[in-house]
Student: 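This is the structure I want to talk about, given as structure tokens.
When a residue number appears, it is its place in the shown sequence, counting from 1.
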Amino acid sequence: PYTGWAGHMTRWYFDPVLKTWVPGSRSHDGDVVHGERNAERLPFYTRLDLSIERRIDMDWATLRPTLSVVNLFDRRNVMMYALDDSESPSRITSFSQLPFVPSIGMRLSF
């Protein structure tokens with residue numbers, strides 16, 4: 001769950017020199033109106049991680065070469081959303097989790 005956005009607002013401040021109300025500068029996330037807490041849900045995601053390891057016993061040590069793949073199907077799973085309200089209309093950008101990441105490794109035990 002995450003807390004979504006209902007919109008944004010402009011804060012007005014009273015300027016005692018001009019004796020009038022003026023719109024204030026928009027601070028970082030200060031003028032965003034949030035929705036109900038944890039009322040939104042991220043989309044469902046699927047991810048398959050695969051790892052293969054081979055054990056090789058030698059006289060002096062044990063070798064374990066490994067091959068691993070994170071996110072085998074390369075799904076673009078949403079990790080979080082960000083609101084960009086510097087333009088009108090506001091834009092919601094999604095950020096994905098890890099893409100397809102292959103790796104190899106070697107463990108050595110004495």
Side-chain angles (χ1 to χ4, degrees):
Y2 73 98
T3 303
W5 303 275
H8 59 85
M9 66 179 188
T10 302
R11 293 186 188 268
W12 290 77
Y13 299 95
F14 186 75
D15 187 347
V17 175
L18 299 175
K19 296 183 180 173
T20 184
W21 289 91
V22 294
S25 63
R26 297 176 72 179
S27 62
H28 176 70
D29 206 34
D31 296 337
V32 174
V33 179
H34 293 279
E36 188 177 341
R37 185 173 187 200
N38 291 334
E40 304 289 332
R41 299 284 186 256
L42 294 173
F44 289 112
Y45 70 92
T46 57
R47 187 177 104 180
L48 179 64
D49 299 340
L50 183 68
S51 182
I52 299 172
E53 181 177 280
R54 169 84 183 198
R55 180 179 172 151
I56 303 170
D57 290 319
M58 305 179 84
D59 292 337
W60 55 276
T62 301
L63 298 173
R64 289 191 174 133
T66 61
L67 172 65
S68 298
V69 177
V70 174
N71 199 1
L72 182 66
F73 299 127
D74 198 21
R75 305 279 181 162
R76 301 290 180 211
N77 299 312
V78 176
M79 177 177 60
M80 64 177 273
Y81 292 119
L83 176 69
D84 178 13
D85 64 341
S86 62
E87 305 173 352
S88 184
S90 299
R91 267 190 331 198
I92 297 176
T93 306
S94 65
F95 293 93
S96 298
Q97 293 179 359
L98 289 173
F100 177 83
V101 180
S103 63
I104 58 172
M106 176 75 72
R107 285 198 287 179
L108 178 63
S109 302
F110 294 102

Student: Under the rule for side chain to side chain contact (heavy atoms under 4.5 Å, CB included), what residues qualify as partners of Phe73, not counting sequence neighbours?
Tutor: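 Applying side chain to side chain contact (heavy atoms under 4.5 Å, CB included) to Phe73 gives Leu48, Arg75.
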Student: Identify whether Tyr2 and Met79 are in the same connected component of the hydrophobic contact network (ILVMFWY, side-chain heavy atoms under 4.5 Å).
Tutor: no
Student: The criterion is salt bridge (Lys or Arg N to Asp or Glu O under 4.0 Å); which residues satisfy it with Arg107, sequence neighbours excluded?
Tutor: Glu53
Student: Kindly write out the residues that satisfy side chain to side chain donor-acceptor pair (under 3.5 Å) with Ser68, not counting sequence neighbours, or none if the list is empty.
Tutor: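 Ser51.
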Student: I need the full list of side-chain hydrogen bond (donor to acceptor under 3.5 Å, both in side chains) pairs touching residues 37-48, with sequence neighbours left out, sorted by first then second residue.
Tutor: Arg47-Asp49
Student: If you look at every heavy atom in Ser90 and Leu83, which pair is closest and at what distance?
Tutor: CB-CD1, 3.8 Å
Student: Under the rule for side chain to side chain contact (heavy atoms under 4.5 Å, CB included), what residues qualify as partners of Pro43, not counting sequence neighbours?
Tutor: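 Result, side chain to side chain contact (heavy atoms under 4.5 Å, CB included) vs Pro43: Val78, Tyr81.
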Student: For Ser96, give me all partners under side chain to side chain contact (heavy atoms under 4.5 Å, CB included), at least two apart in sequence or on another chain.
Tutor: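 Residues passing side chain to side chain contact (heavy atoms under 4.5 Å, CB included) with Ser96: Arg76.
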Student: Write out all pairs satisfying salt bridge (charged side-chain N to carboxylate O under 4.0 Å, His left out) with one or both partners inside residues 94-105, taking only residues at least two apart or from two chains.
Tutor: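 Applying salt bridge (charged side-chain N to carboxylate O under 4.0 Å, His left out) to every pair that reaches into residues 94-105, excluding sequence neighbours, yields nothing.
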Student: Linking directly or through intermediates, with side-chain heavy atoms under 4.5 Å: list the remaining ILVMFWY members grouped with Val22, chain and number order.
Tutor: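 ILVMFWY cluster around Val22 holds nothing else.
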Student: Is there a path of hydrophobic side-chain contacts, each under 4.5 Å between heavy atoms of I/L/V/M/F/W/Y residues, joining Leu42 to Trp5?
Tutor: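 Yes, Trp5 connects to Leu42 through the hydrophobic network.
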Student: When Ile, Leu, Val, Met, Phe, Trp and Tyr are grouped by side-chain heavy atoms lying under 4.5 Å apart, directly or through other members, which residues fall in the same group as Met106?
Tutor: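 For the cluster that includes Met106, the remaining residues are Ile56, Met58, Trp60, Leu63, Leu108, Phe110.
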Student: So does Arg91 have more than 12 non-hydrogen atoms from other groups sitting under 6.0 Å from CZ?
Tutor: no
Student: Hydrophobic cluster mates of Trp12, side-chain heavy atoms under 4.5 angstrom, ILVMFWY only, any path?
Tutor: Phe14, Trp21
Student: Taking only residues two or more places apart in sequence or in another chain, which ones pass salt bridge (Lys or Arg N to Asp or Glu O under 4.0 Å) with Asp15?
Tutor: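 Partners of Asp15 by the salt bridge (Lys or Arg N to Asp or Glu O under 4.0 Å) criterion come out as none, since no residue qualifies.
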Student: Under 4.5 Å between side-chain heavy atoms, chaining through other members, with only Ile, Leu, Val, Met, Phe, Trp and Tyr counted: pull out the rest of the cluster around Val101, sorted by chain and number.
Tutor: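 Under the 4.5 Å side-chain rule, Val101 groups with Val70, Leu98.
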